[in-house]
**Student:** 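So that we are looking at the same thing, I have put the structure below in structure tokens.
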Amino acid sequence: MSAQGDPKGYWKGSLKIVAVVLCIWFFVSYGCGILFKEQLDTIKIGNAPLGFWMAQQGSIICFVLLLVAYMVCMNKLDAKHGYDEEEDS
Amino acid sequence: MSQDVWNFIFIGITFGIYIGIALWAKAGSTKDYYTAGGGVSALANGMATAADWMSAATFISMAGLVAANGYDASRFLMGWTGGFVLLTTLMVPYLRKFGKATVPDFVGDRFYSKSARLVAVVCAIFICMIYIMGQMRGVGIVFSRLFSIEISTGVLIGSSIVFFYAGLGGMKGITYTQVAQYCVMVFAYTIPVIFISMALTGNIVPQLGFIGDFTKGGADAVPLLEKMNTISTDLGLDKYTDGSLGKVDMFCITAALMIGTAGLPHVIVRFFTVKSVKAVRKSACWTLSFIAIIYLTAPALGLFAKTNLVDEVNGKTYKEAPSWFKNWESQGMIAWVDKNNDGIMQFDKGSVFAGKPLMDGEKKGDHGQRLVTNEISKDPNEVFYEKDIIVLANPEMASLPKWLIALVMAGCVAAALSTAAGLLLVLSTSISHDLMKKLIKPDCTDKQEMKYARIASFGSLVVAAYFGINPPSSVVAKTVAFAFGLASSTFFPTLLMGIFAKKMNREGAIAGMVSGLLFTFGYIFYFQFIAEHKNYLFGISPEGIGFIGMFVNFIVAFIVSAFTPPPPQEVQDMVEEIRIPSGAGEASH
């Protein structure tokens with residue numbers, strides 16, 4: 001509830017988290033799935049070429065993991081700056 | 001028991017549940033109606049958002065798209081899931097903290113302008129209207145197959161049910177029905193795939209079967225994807241695991257779908273129903289996980305079903321064809337034209353004929369196959385199949401029990417209804433709240449506003465049902481590109497600047513939105529309806545142009561804002577305020 005803490009520092013911290021998440025997001029989808037697909041296709045995961053697999057399966061799995069990581073990091077940042085609230089949902 | 005009885009039982013039970021929930025959750029105030037009172041748990045909201053997001057088209061056509069296009073279809077898989085990363089990191093936590101009921105609310109307040117609000121309302125109504133037409137059509141088609149009734153009757157039944165629980169229950173009714181609908185959908189989608197995966201690859205997990213070996217009928221193990229690559233190249237197509245789309249185009253379409261997803265008003269408002277910013281983040285994790293279950297299964301299903309289809313049909317005589325082949329042929333979803341008169345069905349290069357099969361009444365050919373009146377093409381391909389049967393006929397192809405087929409049907413209906421209801425809510429809210437309350441009649445009471453919302457939802461449904469019954473034919477499919485293009489060139493950049501660029505002012509935002517809108521709209525309209533050629537700008541098809549439209553919006557907005565006065569101090573303070581997660585009260589209006 002309070003406005004003490006350090007809004008500027010908090011904002012900087014959250015921008016950093018967002019930037020890292022979006023870099024990985026770009027790399028796994030556009031990078032592995034589209035731009036470097038051919039190079040990755042020389043590697044196999046099971047019977048699937050890796051680039052193709054990243055585009056149809058891997059990137060989606062990474063997206064879910066990214067959101068979980070984002071949640072954990074942001075909650076930590078909230079706690080550090082005293083912005084965390086009790087929530088029961 | 002016959003298939004029809006099973007269908008009736010399953011559809012009946014699920015409808016009973018939906019209506020029961022609607023009666024229980026009847027909305028008492030506009031707060032209930034718009035945001036379910038703001039007290040939905042993160043898990044329930046995650047399920048509801050997933051159901052809202054996955055339309056009849058996703059449920060029925062996605063696997064077929066992947067089967068038909070192989071690697072190229074990855075743009076839909078990545079685009080419609082990756083958008084949630086953008087949505088979660090850049091949009092919803094801040095918009096939830098802002099704490100208003102609709103997206104135009106934020107645009108109007110942040111850019112202190114009624115014109116900005118009006119532009120946003122028009123975009124929201126347009127986007128939702130395009131979407132909901134397709135949904136009502138989808139409901140109609142599923143009903144007509146289920147009960148052998150006219151599509152128009154099916155549309156009417158679907159509309160009345162949606163009106164009943166969306167119009168009465170508002171967001172609260174919709175949210176809890178969507179939770180039930182998600183459960184129906186996820187079982188309906190995954191169970192048949194597990195069976196077919198076991199039959200084809202001996203692997204109980206479809207995603208592992210996807211990268212596994214083809215072992216059906218005790219044959220020597222062949223890598224499944226390689227088998228499919230061989231099938232594709234034999235048909236003169238590109239390898240299944242390679243695409244034929246240009247890299248630039250692939251990149252832009254994926255980007256436009258992702259960014260569009262993050263700017264779709266009916267997805268954003270879902271996150272206004274939870275309690276706090278923290279709950280928004282948690283809810284987003286749940287949402288994407290629930291969506292991922294289906295999106296990770298779709299490529300496996302597409303691959304399995306296509307392998308199975310070719311395997312069971314190619315090179316066989318019509319008499320040997322499996323019974324599902326004849327069932328779906330009788331529905332006009334499959335057709336065989338014996339071009340070389342050898343009595344054997346052949347998959348080959350090219351199309352069988354132009355467009356969809358037009359069955360020649362009940363006339364039968366020499367082998368008992370139904371005849372078509374289409375003009376036959378010169379290509380050697382003989383077997384036509386509608387891509388939707390990849391999901392619909394899948395349980396039959398895998399010889400699964402009848403109740404499972406009924407479950408798939410109930411899943412289709414759930415997918416169409418849940419999305420239609422979510423869209424209807426945004427439509428009616430845009431009209432009652434943003435248009436009536438905020439722009440036309442600011443002094444109306446909460447009760448009157450509720451009344452407007454219900455009238456608006458009835459009106460929108462009538463329009464949607466009309467277009468569901470009389471679809472502007474090919475136009476509907478083409479206009480879907482509009483919805484994503486518009487969302488990515490108007491809402492996404494404007495909301496992003498509203499949150500991350502404190503100095504962005506009214507003039508910049510409006511100029512940006514309008515120019516993004518005109519650029520994208522103009523480009524799509526030109527190539528879809530006017531131009532005869534396909535000499536796209538940098539090879540970017542209309543599906544992907546929203547990505548460029550976003551940059552147009554950004555550039556214009558920043559140039560204009562540099563030459564006009566900055567926003568007032570209280571707006572800048574408000575932006576500072578929404579960047580801090582704590583103290584998000586209940587969503588208000």
Side-chain angles (χ1 to χ4, degrees), chain A residues 1-3 5 7-8 10-11 14-15 17-22 24-26 28-30 33-35 37-38 41 44-49 51-75 77-78 81-89, chain B residues 39-43 66 70-71 73-75 77-78 81-82 84-86 88-90 93 207-208 210-213 223-226 240-243 247 250-251 254-255 258 274-279 281-285 287-289 291-292 295-296 299-300 500 576 579-584:
Chain A
M1 277 294 135
S2 56
K8 287 232 162 69
Y10 176 82
W11 181 241
S14 50
L15 284 183
I17 295 172
V18 171
V20 172
V21 167
L22 290 186
I24 303 174
W25 163 82
F26 184 87
V28 295
S29 53
Y30 298 95
I34 299 176
L35 298 174
K37 173 189 179 279
E38 278 75 23
D41 273 351
K44 288 275 161 85
I45 174 158
N47 291 322
F52 168 80
W53 185 83
M54 279 306 288
Q56 299 216 329
Q57 303 263 300
S59 58
I60 301 176
I61 297 169
C62 292
F63 294 152
V64 175
L65 297 178
L66 271 175
L67 285 195
V68 175
Y70 171 79
M71 177 182 73
V72 172
C73 291
M74 287 303 280
N75 287 348
L77 190 73
D78 286 358
H81 289 266
Y83 291 129
D84 55 338
E85 296 176 306
E86 287 309 304
E87 51 121 358
D88 47 7
S89 49
Chain B
V40 178
S41 78
L43 178 74
V66 182
Y71 168 75
S74 312
R75 63 187 191 271
L77 296 166
M78 287 192 284
T81 51
F84 279 87
V85 178
L86 288 176
T88 313
T89 55
L90 301 175
Q207 287 77 10
L208 294 177
F210 182 66
I211 55 173
D213 291 326
L224 186 59
L225 276 163
E226 264 172 45
Y240 190 79
T241 54
D242 289 338
K247 252 193 171 93
M250 183 84 181
F251 189 99
T254 311
M258 281 199 195
V274 296
K275 223 171 159 190
S276 63
V277 173
K278 218 171 171 179
R281 296 177 195 141
K282 197 166 161 192
S283 187
C285 290
T287 303
L288 191 60
S289 313
I291 293 175
Y295 273 66
L296 287 173
F500 289 84
E576 298 267 315
R579 293 175 177 182
I580 305 300
S582 58

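Per chain, numbering begins at 1; letters A, B, ... match sequence-line order. The structure presented is a predicted model; accordingly, all values stated were derived computationally and were not measured.
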**Student:** At what distance, to the nearest 0.5 angstrom, does SG of B:C285 lie from OH of A:Y70?
**Tutor:** 10.0 Å
**Student:** If I compare all heavy atoms of A:L67 with all of B:V85, which pair ends up nearest, and what's the gap?
**Tutor:** CD2-CA, 4.0 Å
**Student:** Considering only heavy atoms, which portion of B:L225 lies under 4.5 Å from any heavy atom of chain A: side chain, backbone, both, or neither?
**Tutor:** side chain
**Student:** Among A:I45, A:L35, A:L15, which residue has the highest count of heavy-atom pairs closer than 4.5 Å to chain B?
**Tutor:** A:L35
**Student:** Please examine the side chains of B:P581 and A:M74, heavy atoms only from C-beta on, and report whether any two atoms are closer than 4.5 Å.
**Tutor:** no
**Student:** Please test B:R281 against A:N75 for side chain to side chain contact (heavy atoms under 4.5 Å, CB included), starting from the C-alpha separation and ending with a verdict.
**Tutor:** CA-CA 9 Å; B:R281 296 177 195 141; A:N75 287 348; 3.0 Å; yes
**Student:** Which one of B:L288, B:L77, B:I291 satisfies the side chain to side chain contact (heavy atoms under 4.5 Å, CB included) criterion with A:I60?
**Tutor:** B:L77
**Student:** Select, from B:T287, B:L86, B:L208, the one with the greatest count of heavy-atom pairs under 4.5 Å involving chain A.
**Tutor:** B:L86
**Student:** Tell me, for A:Y10 versus chain B, whether the close heavy atoms (under 4.5 Å) come from the side chain, the backbone, both or neither.
**Tutor:** side chain
**Student:** If you round to the nearest 0.5 Å, how far is CG of A:L66 from OG1 of B:T88?
**Tutor:** 10.0 Å
**Student:** Stepwise, does the side chain to side chain contact (heavy atoms under 4.5 Å, CB included) test hold for A:S29 with B:M258?
**Tutor:** CA-CA 11 Å; A:S29 53; B:M258 281 199 195; 3.9 Å; yes
**Student:** To the nearest 0.5 Å, what is the distance between CG (A:N47) and OG1 (B:T241)?
**Tutor:** 11.5 Å
**Student:** Would the B:F251 and A:Y30 ring centres measure less than 6.0 Å apart?
**Tutor:** yes
**Student:** Could you give the distance from CD1 (A:I61) to CD (B:Q207), rounded to the nearest 0.5 Å?
**Tutor:** 7.5 Å
**Student:** When heavy-atom pairs shorter than 4.5 Å are enumerated against chain A, which of B:G70, B:P93, B:A73, B:A255 gives the highest number?
**Tutor:** B:A255
**Student:** Can you tell me how the ring of A:W11 sits relative to the ring of B:F500, calling it parallel under 30°, perpendicular over 60° and tilted otherwise?
**Tutor:** tilted
**Student:** For the CH2 atom of A:W53 and the CZ atom of B:F210, what is their distance to the nearest 0.5 Å?
**Tutor:** 9.5 Å
**Student:** So, B:K282 side chain and A:M71 main chain: donor-acceptor pair closer than 3.5 Å or not?
**Tutor:** no
**Student:** Please round to the nearest 0.5 Å and tell me the distance separating atom CH2 of A:W25 and atom CE of B:M78.
**Tutor:** 11.0 Å
**Student:** Taking C-beta and beyond as the side chain, do B:R579 and A:S14 meet within less than 4.5 Å on heavy atoms?
**Tutor:** no
**Student:** For A:A48, does its backbone N or O pair with a side-chain atom of B:E226 as donor and acceptor, under 3.5 Å?
**Tutor:** no
**Student:** Is there side-chain contact between A:K37 and B:D242, with at least one heavy-atom pair below 4.5 Å?
**Tutor:** yes
**Student:** Sort A:L22 into side chain, backbone, both or neither according to what part of it lies under 4.5 angstrom from a heavy atom of chain B.
**Tutor:** side chain
**Student:** If the threshold is 4.0 Å, N to carboxylate O, is there a salt bridge linking A:K8 and B:E576?
**Tutor:** no
**Student:** Ignoring hydrogens, what is the shortest heavy-atom contact between B:A292 and A:V64? Give both atom names and the distance.
**Tutor:** CB-CG2, 3.8 Å
**Student:** Between A:I34 and B:Y71, is any pair of side-chain heavy atoms under 4.5 Å apart?
**Tutor:** yes
**Student:** What part of A:I17 gets within 4.5 angstrom of chain B, counting heavy atoms only: side chain, backbone, both, or neither?
**Tutor:** neither
**Student:** Among A:V28, A:D78, A:D41, A:V18, who wins on heavy-atom pairs under 4.5 Å with chain B?
**Tutor:** A:D78
